[in-house]
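In the text below, chain A, chain B and the rest are named by the order of the sequence lines, each starting its count at 1.
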Amino acid sequence: DVKVTQSSRYLVKRTGEKVFLECVQDMDHENMFWYRQDPGLGLRLIYFSYDVKMKEKGDIPEGYSVSREKKERFSLILESASTNQTSMYLCASSGTDRLDGYTFGSGTRLTVV
Amino acid sequence: AQSVTQPDIHITVSEGASLELRCNYSYGATPYLFWYVQSPGQGLQLLLKYFSGDTLVQGIKGFEAEFKRSQSSFNLRKPSVHWSDAAEYFCAVGARSGGGADGLTFGKGTHLIIQP
């Protein structure tokens, strides 16, 4: 089975801190995605990457950046965490055909205090 | 741009009863359609998907969905729900573009509650 692993299930950070959320997949997938999930808003795409060192903005990229130095790893960076970034963050990956469906990690619940 | 509407935020069903979760999409061409389930505190798991062919699609855990082009719908059904089906359900639509922007658009989800 494809595994998408997010390094932390729960994270508590202070306002203004730089935060790194890590995601690793083990199926040699080309595409990786970061979503945030909030009650009543569903999943919103932050960034995605279709190749190493490539990235594309999603619907809500403000306040975030990403890094993809290796194919299996896709990092989400909060340059200066704010309380409105408290959320569930979900990483996903897919193969060459992005429309073949995504495999999701278990999520990281980030609280910014 | 594609969009997905899940009209029901919450649905309550008695255990053993049948279930139908609604999903309407907006997209000009033939869409790629998906249903995902999210158990509390977990990521999303793919239940089933539709690309083409038979409009009735079978998925895991006894779920099925029917694509109806005339109604722009892709409703999820299960003949008899179990308490373990209590979860959040997401419908998603995918579209191909000429550039690198292919991806899935998710609905806001339907929270399924199972009554004993």
Are there more than 12 heavy atoms of other residues, nucleotides or ligands under 6.0 Å from atom [atom1] of [X]?
X	atom1	value
B:Ile9	CD1	no
B:Lys78	NZ	yes
A:Arg44	CZ	yes

In terms of hydrophobic clusters joined by side-chain contacts under 4.5 Å, are [X] and [Y] together?
X	Y	value
A:Val19	A:Leu90	no
A:Leu11	A:Leu76	yes
A:Phe33	B:Leu104	yes

Of all of A:Leu45, A:Asp38, A:Leu41, which one pairs up most often with chain B through heavy atoms under 4.5 Å apart?
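Winner by heavy-atom pair count: A:Leu41.
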In terms of heavy-atom proximity below 4.5 Å to chain A, should B:Gln6 be classed as side chain, backbone, both, or neither?
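When you check distances to chain A, no heavy atom of B:Gln6 falls under 4.5 Å.
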Kindly indicate, with the supporting measurements, whether the criterion side-chain contact (heavy atoms from CB on, under 4.5 Å) is fulfilled by A:Gln37 and B:Phe90.
CA-CA 12 Å; A:Gln37 182 181 15; B:Phe90 292 92; 3.2 Å; yes
Quick check on the interface: out of B:Gln38, B:Gln45, B:His111, who has the most heavy-atom pairs with chain A under 4.5 Å?
B:Gln38
Side chain / backbone / both / neither for A:Arg9 at chain B, heavy atoms under 4.5 Å:
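Interface part for A:Arg9: side chain.
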Do B:Leu44 and A:Leu43 have side chains that get closer than 4.5 Å, going by heavy atoms?
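In short, these two side chains touch, coming nearer than 4.5 Å.
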For A:Tyr102 versus B:Tyr36, what's the shortest heavy-atom pair and its separation?
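It is N-OH, 2.8 Å.
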